[in-house]
Each structure stands twice: as structure tokens, then as C-alpha cells.
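Notes to accompany the following structure.
These figures come from a predicted structure and were not determined experimentally. Protein chains get the first letters and strands the later ones, always in sequence-line order, with residue 1 at the start of each.
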Amino acid sequence: MKRLGVLAVLLLVLGLPAAGGAQQPKTSVQFPPGVPLARQGFYLYAQNCASCHGDRGRGVVPPASQEAPGPIPGLGPSLSGVGAGAADFYLRTGYMPLGEPTDQPKRSPNFFDDNEIRALVAYVASLGPGLPIPDPHPENGNLSEGLSLFREHCAGCHQILAEGGYVTGAVPPPLDRSTPVQVAEAVRIGPYVMPKFSERVISDDELDSLVAYVEYAKNPDDRGGWALGHVGPVPEGMLTWFLAATVLIGACVLLGQRLRR
Amino acid sequence: MSRFRNWFISAVVLLAGRRAKPGAPQSERILPEGEPRPGSEVLAACLLFGCAFFGAAFVAVYALDRLPWTTQLLGASLGLALACLAAALVVVAKRLVPDEQLEEDYPTAHPAASDSIAQLVQESGDRFTRKRLVVVAAGAATGALSLAAITPALSLGPALDPDVLYRTPWRPGRKLVDERGRPIRADGIEFKTFYTAFPQGAEREELGAPLVVVRLDPGALALPAGRGSWAPEGILAYSKICTHAGCAVALFRTPLFPPAEPKPALVCPCHYSTFDPAAGGAVLFGPAGRPLPQLPLRIGSGGVLEAAGDFSGPVGPSWWGVRMGKPT
Amino acid sequence: MIRGAVRRLDERTASAPLLRKTLRYVFPDHWSFLLGEVALYAFIVLVATGVYLTLFFDPSTKLVTYHGDYAPLQGQQMTEAYRSVVDISLQVKAGLLIRQTHHWAANIFIAAIVLHLLRIFFTGAFRKPRELTYLIGVLMLFIALVEGYAGYSLADDLLSGMGLAIGYSVAMSIPFVGANLALLIWGGPFPGDESFWPRMYIAHVFIFPILIGLLLGLHLLLVASRHHTQFRERWKTEKAAVGTPLFPGQTPRSLALMSAVASLLFLLGGLVQINPIWLWGPYHVSDGTNGAQPDWYLGWLIGALRLVPGFDLNVGDYTLVPNPFWGGALFPLIVFLFLVSWPFLERRVTDDDAFHNLLDRPRDAPWRTAIGTAFITWVFLIFLAGAADRATVFFGLSYQSEIWAFRILVWVVPLVVLFATKRACEELLRIERTGAVREAAEAEAKAL
């Protein structure tokens, strides 16, 4: 009975990673010289993306009347008109490929190398005009404006210092590994359940400030000492008990006399 | 003056570290004799000098302006100074102070004295014949005086006027403005994003002021009865203040690919109360006990968004009368 | 020289006999008796650093525009209160050290009180004749919680502002009178009128510290007048206390502890950042951030607030019990009622009216230890639930599942702990008893 239990736990532990991110192995294609980038992208797309995003990016969507009761294989949005910026974002963050359509995309090591990404981006861009790859200039931004914008639009989910957080049903990630281009892309796209902010809501100049703030938040002014992750009272309380209380109890033990007769 | 000089010289002599001469002959010793421990003395002295060093370092760091990590250096120097002091005192406590174990009786109760007090109090009342009358009168006096003493506390706030909790700055026709005070146009409200709005020309730092505005597909709306006209073009406005504990509902979850992603929801970051904007702010998850109040909108002249009335219910956290009145 | 000084003092104060007696007051010889002193020294550091801060802080909610050196706040609107704390942190030399030391001292003050309370509870030190001392201690713990909350809320930063709104909602949630009470305290609907900030300030720097000081003095006086308890040893009795005299033996120990506490607090205050309010930004009613939490000693309340399912208890239009009441008011009330009534409950149940100067080891009172441990487990699990979203972020667990799991565990685990602890205590006692019997038998056999 005990052994069966151990076996069950082992299977569960070993089986979980397989269940989580089931992807087909990447099919590499060798292109003869002279093949245009978008054409290369087409082949890569057909091998790696079409199963969910459909033939020529048309998307795979159930009819409106059908209730989706859970993870459905091969469900994906249309890529027509999403633009180079979206493809660049999802591929460079490793959000795509995604194991299950209902999973939250998470930052992962890049499945494709840089050339393949450029090829795929060119292909998706050819599917229809959409968001170009942004060119943010955080050096032109204003930190104070960035803090105000971040607080108004982003802090509720991502935490005031971009350390990430929780919203019912999703985990807004920390932004410490996001490049300025990725931040700008995410703001304009609104990936997964994140809202999107167009130029009318956050202008390109304001976006420079916002990106400048996100860059700042990676290494903010921590002149008070060890920052404990910038998440506030939880690590402070842990330090109070695990470090300070232990040291003080130690001091009491050192100083308390145990008299023997 | 010469007295002061004598004291000063004595202090210097003592500090020079020579063993103190035996004092004037005393009566029998109180404390037990203990062997001297010159090693521990030196250790304690070194630690005290260490404390002095770090204390001086603190002053030096403070005086020097150009050092980086000022706070860390100040804290480290002061902390180490005190640590040296603590260590010196530990050495004194463990090795240099006479080792004693004393016994002392626990105090017992004092029934005789207690009874005597009780008797005193009792006998003091012997001249009273109408005790009950006097006691009742004294009780009335104490009660009234106590009441008088605490009554001015009512001036601390409108405690007797909780109807003030229904008041919001929203009126029919009041325009919605953004953080910068610019009126918000209906055609400026896009899908898959959210806006914070305030009443034009009114106080913003009030629970009744801030709104969260989103646009949903009008076909996807399932608003409660009577709110059919509250969301022109599918633009919805809700109070931004959570009905659970008053935090700002600063999160908007909105799917890029609806067939595979959770539906739109307004979420509060404090305890994760989750509200359904398509269903009149109904609570989907979390400890909120009331739906998020909705503000009826209309599109005014120039395409600017205006309030068409007051909220569907009082804003902010609940209280006794939260279901007994309408916002004004 | 010393003799002359003491004689002069006695001539003017008539205090020599009292002083002589006090100097030889007997201190018990176990380290756990020093925990209360740790709290005392943390309080002293709090007052000292606090006085310094009052010389710079501005308790005003008047709006100003920031024009200081810190770029991310440049040109932003904030209250005078927030601006003055930013200036203390970033402008005043040594200001940040003092401010951080003050905040660390508050966290450690309450942790020390809790440790001290645990020692008092699990050794039965609250029993007759020390019930009054114990009640004063519990009252001080309560005031310390409110004092800490008011203290970190004074900075008017984004995190503490959200916390104040929650405090307001808990006040509002009290049945029948909640709204009246909340309006009284805040001077109007949240965020209150201009007098609320000075009111919170004077409560924090004057009213509560004086209260704590007076209660502390009374507490120490009562401890001394009744004398400390002591652990059981063969040479200790209910009649006489045995230990080290205050002078000269205990004095360097206590001073060493005071220096050690102060040292740790200043080291933390300089080396470990705490509550960096300039990074959070100022509070506005319309702003919120993810991951906002109260300081650790109020974490049990956020856990309770998050665990209670979403309902207002209303009968028709009468909202009898708004939701935050259960977690924010009733839960702490139950905890404090438990603490306050325990000595009397125990006395009633054990029918024990005797004086107790000797302490129990936790195992010597299995029911007390079991109930106490189970109660702490209950509170601690609720406390953990308050940070369940952090577990979601770090470990990927589903938040909704965690909440449901906690709702069940919070009742089941304490029951398990109750019976397990009781068994453990009884087992330990049984082992000791059989060990003693065996030793006696062996000794007897050897004698034969």
C-alpha cells in the first residue's frame, strides 16, 4: 500500500512537466540561399504554429454557440492584422509556443533562434497591417510622469515597483526581465488578460516615460539598505521573526543564568 | 575649584588602570569575594574602546557629506558601537561581577490589613441613615457627569448623521474627466482597456468620486432590470471603490482571445473581490457582499460622457443603512 | 565618594531603605524571563527615535507639490505628511536611519511581546496572584497593535493609505453603530476631514505612548511587588524566590540586553530597508497597488478578511453584519477575549484557588498547552492565508483552491494539533514518571 503511494507520487511528479507544456519538437528547416524572410517564416509557421493559429493565420475558433468546457487542443486566435510587434513580443518573450490554449503564457527560453524569429515576424507582418515593432526611447522619458502613468494603469496588477502580482485567474508577471521594446509591445497589445493602451490613452512620448519608469523599477533608489524584493511587509515580517527574533532569543539564552546548587 | 581638580585627578588616576587602593575599613562584607580576572577586565576594556571607536566613526560618517551608502554606514557604526558595549557588559556580567544566589520570601497576602481597610470604609458610613437614597442620588450625579464628560466627543465627527454616507459628487449632467481634468469623449473609449474618471469640478479625494470606465460589446451585456440605457454603446461606468473594504478597484482583467481566456472582470487588489462589468457589477469571487455600484452614463453634447444620474447603490464599504437609502 | 553621594540623596529623598531593598531584588535564573525586557528595550528605542521623528514630521493633509531631489516624485501632488516623511528619508541626514530603526523597533517590539506572552501562557505565570499583571500585559499588546497601525499609516503612502481604508471599513462593519463610530473617528466619510490626520498623529505620539508608559510602569511595579515566578527545581519552593540580585549581578545582564537590542535595531535600521515610502508614492483614494499588505502583526486580520466568503448578513433592508466584521472585528475580539478570560476559565475548570509562584513546564498542564497550541495554530493558519496570493505568484498554486483549502484546514488542523499536543504532553509526563519510578527502584535495589 505504501509502495503504491510512493509510485503514485513519483508518477505525478514526473508526469506533471509533460502534461504542462506539451509541445511538438521543433522542426528545423534548412533554407537554400535567396529565400525571402517572409517565405522562410511561412514554412516555420506551417510546421510550428498552424496547428493552433490555423492555415495562413486564420485562427482556430469554435463556433460562437459552442461552450468551451476546458482545455481544447488546437484553439488559437487569428494573426491577421496583429502586426510584427505582436509576433516579435510573443516570440522573444517565449510566450509562444503555448502548451494549452487556456494556459497563461509565461516567459520562457526562446523556442526559436533569432533568425527564425525574424522570419516568423516577417511572415506575420505580411498577413495584414498591424502593430509595428515599437521604438521606445526611455532616455527621453520623464520618471515622474512614468510613475504616475504606471500607478494609474499598471500598478494594480503588476505592483507599484513592477514586482508582479495576482489578479483573479492570472498572474501578472514581474517586469524585471522585460526589455523596453517588450514593455512597449505589451502596452500596445494587451497580451492574455492584460488591458491594451493605444496611443490615444498613452501617447508615444508618455510611453517613453512609462518605459523609463519600468527600467528604473528594476534598480530603484534603495538607499535604505537591502531591499527585500520591494514587496513590502511580508519579507519584513519574515525577517523580524526568522532573523531578529532568533538573534534576540539567542541573546537572552546567552545572558540568562542557569544556577545550579 | 580645587575640589574639582581633585576629582579630575582621581578620575585620571583611575583610568590609568592601576589597581584601586583598598578602601577605608568597612563593616562585614555584603558581597562574596571573587577572584580577579585581569584577562576579562582587559577584554571588557578593549570592547569598550571598540565601542568608542565605532561611536566616533558614527560622528565622522555623519560629518562627511560625500560618502555613498550613508544610512548603511551610520547604522553599521552605531549598531557595532552598541554591540561592543553589549559584549563588554556580557563579559562583566559573566566574569567580573560577584556570583551570587539569593533567596527572598514571596510576599503573602495581608488579610489583617485588608480587613482593616474594609472596616475603615464600613465604619465611615455609620452616620448615614438613608443610605439607599444617597446612593441613588450619587449614582444619578455620577451618571450625568460621566455623560456630560463624554458628550463633547460627538463633535469629533458627524456620528449622528450617517446619511452623509449616501452623498456622492455625481449629478445628472456632470461630465466625466480624466486624471488631468480633460473631459472624456465616448469615442475615446476603446475596447480591452480601462479608464479612471472623476466628476468635473468636484472633490476627487472622496469615495464617491472615482469611476472605472470600460467598453464591452453591447450584445454581451446582461445588466439588471431598469439599466437598459445606462451603458450607451456598451460603455460602462462603475464606482472604483470596492464595496468590501474601500480599496480602489484598480485591476481590469480583459481577454485578448475570449474563447480560451477568462471573461472581463474588475478586480480589487486588497482581497481579490471580483466584479462582472457585463452583469451590473455582480460579485464573481471574493469577500465583497454587494455588487459594485454602477453609474448611469449618457453621451452629452460634443460626444462627451456625462452622468445620467447617481449610482445604483451607495459606494464603498457597507454599513447598517447601506441598503436603506439611495445615493444623493 | 560614593558613600557621600548616596548619603546626600537619602537626606533629600528618604529613599535609602527602599533603594537598598530594590537593589537586592531577586531575578529568576532562566533566559525566558528576559523576553519581556526585550520588549521594554524595544519600546525605549521606539520612544527615543520617535521623539526625533516628531521634530521633522508634519501631520497635515494639505496638498503640496513635490520639488525635492527625488526624480520620480518631481512635480507630483502629495500631502504635507507624505512629503515630510520623504524629506526625513531622503533629505535629513541620519533621518532614514532613525526612521527605519523606528519601524524595525515597532515590528520587534510586538514580536517580543508575543514571545513574552507565549512564555507567560505556557508556564501558567498568569495564575493567581498575577492575573492583574497579565491583563495589563494583554491590554498593552492591544494598544501596541493600534499604535503600530497608526504609526505606519501616518506616512500617507500608497500601501498604508489602502490599509486605512480597510480599517475604516472594519469600523463601518460593526453592527448597528459601525457607521456612527467610523464617522466619529474619521470626522466624516473616508478619507476624513482635515482634523483626522492631526488626530491620528496625537494618538500615536502622545495618547497611546503615555498609556503604554503608564501601563508598563504599573506592570513592572506589580511584577516587582509580587516578585517574579520561578521554574521548579528541587531547591525552589512556593515560599521563596531564588536567583540573582538586581545589583550587581543582574544589572550588567540587563544593560547588556538593552545594548544588544538597541544594537540589532540600529543595524537593521541602517542595513535593511523597511517601508521605503518614496518608492510606493503617495496615496490617493483612486489608486491601488497589487501586493499591498499590512505590517506582520496585522497579517492575521488580512487573512481573516480574505477567507470569509462574500456575503453581507442582511434582513431585508437592514444590513446587520457587513462582511468585514467577521474577519476584521469579530476575529480579533475572539482572540483577545480568549487571552483575557483564560486565567479565570482555567481557575474555574481546575478549581484551583491557590497562589502559584512556581511555574509549570508546558507538559505539566496538558490541557492548557494543548488548547494554547491549537489556538495559536488557528490564528497562524489564518495569518498564512493572508499571503496566499504570494504563494500563487511563487509556486503557481491556484489562488481559489488555496482559499478553499485554507477554509477547511483552519478548522481541521487546530483540532488535530489539540489532540496531538495533549497526547504528547501526557506521554512526556508518563515517561518521566516511569523513569522516576525505575530510578527509585534501582536505588532501592542498590541499597539492599
Side-chain angles (χ1 to χ4, degrees), chain A residues 106 142-148 150-152 155-161 163-169 171-174 213 216-217 220-228 230-234 236-241 243-245 247-261, chain C residues 29-35 38 70-76 89-90 96 100 104 107-108 111-112 115 158-159 233 235 242-244 253 256-257 260-261 264 268 270-276 278-281 287-297 299 387 389-390 392-393 396 399-400:
Chain A
K106 296 260 165 82
N142 174 292
L143 269 184
S144 175
E145 183 182 53
L147 168 60
S148 294
F150 195 84
R151 183 172 58 222
E152 184 185 348
C157 283
H158 286 283
Q159 199 256 359
I160 188 73
L161 280 165
E163 300 288 348
Y166 176 74
V167 72
T168 322
V171 179
Y213 179 76
Y216 169 74
D221 185 337
D222 284 331
R223 68 181 76 181
W226 178 26
L228 300 175
H230 302 114
V231 281
V234 170
E236 291 164 10
M238 288 169 73
L239 197 136
T240 300
W241 280 93
L243 184 76
V247 167
L248 289 171
I249 291 177
C252 291
V253 172
L254 175 69
L255 286 163
Q257 251 223 113
R258 196 74 205 182
L259 287 164
R260 304 254 164 247
R261 208 177 257 189
Chain C
D29 61 359
H30 194 262
W31 65 266
S32 61
F33 286 88
L34 292 172
L35 294 169
V38 171
Y70 182 63
L73 290 176
Q74 196 59 243
Q76 293 209 11
S89 307
L90 306 181
L96 187 57
Q100 295 198 149
W104 280 118
N107 278 358
I108 283 158
L115 285 171
L158 183 57
L159 262 71
E233 303 283 345
W235 64 88
V242 178
T244 317
R253 287 172 198 281
L257 190 58
V261 170
L264 178 67
L268 286 174
L271 300 174
V272 187
Q273 188 165 274
I274 183 168
N275 200 29
W278 64 94
L279 296 179
W280 309 144
D287 286 330
T289 174
N290 208 288
Q293 288 268 348
D295 273 15
W296 77 265
Y297 45 86
D389 55 340
R390 288 284 120 198
T392 304
V393 169
Y399 182 73
Q400 277 105 314

Report the option among C:Asn275, C:Leu158, C:Leu115, C:Asp389 that has the most heavy-atom pairs separated by less than 4.5 Å from atoms of chain A. C:Leu115
Measure distances from C:Asp287 to the heavy atoms of chain A and classify the residue's part below 4.5 Å as side chain, backbone, both or neither. side chain
Using non-hydrogen atoms and a 4.5 Å limit, figure out which bit of A:Val247 sits close to chain C: side chain, backbone, both or neither. side chain
Below 4.5 Å, heavy-atom pairs only: which of A:Gly225, A:Ala245, A:Gly237 has the largest tally toward chain C? A:Gly225
Need one label for C:Tyr297: side chain, backbone, both or neither, based on atoms under 4.5 Å from any heavy atom in chain A. neither
Could you tell me which portion of C:Gln100 (side chain, backbone, both or neither) has an atom closer than 4.5 angstrom to a non-hydrogen atom of chain A? side chain
Under the 3.5 angstrom rule, does the side chain of C:Trp104 hit a backbone N or O of A:Ala244 as a donor-acceptor pair? no
Residue C:Val38 versus chain A: region with a heavy atom under 4.5 Å: side chain
Measure distances from C:Leu271 to the heavy atoms of chain A and classify the residue's part below 4.5 Å as side chain, backbone, both or neither. backbone
Portion of C:Ile108 that has a non-hydrogen atom of chain A nearer than 4.5 angstrom: both
Counting only heavy atoms closer than 4.5 Å, note whether C:Leu268 contacts chain A via side chain, backbone, both or neither. side chain
Is it the backbone or the side chain of C:Leu264 that comes under 4.5 Å from a heavy atom of chain A, or both, or neither? side chain
Under the rule for salt bridge (Lys or Arg N to Asp or Glu O under 4.0 Å), what residues qualify as partners of A:Asp222, not counting sequence neighbours? none
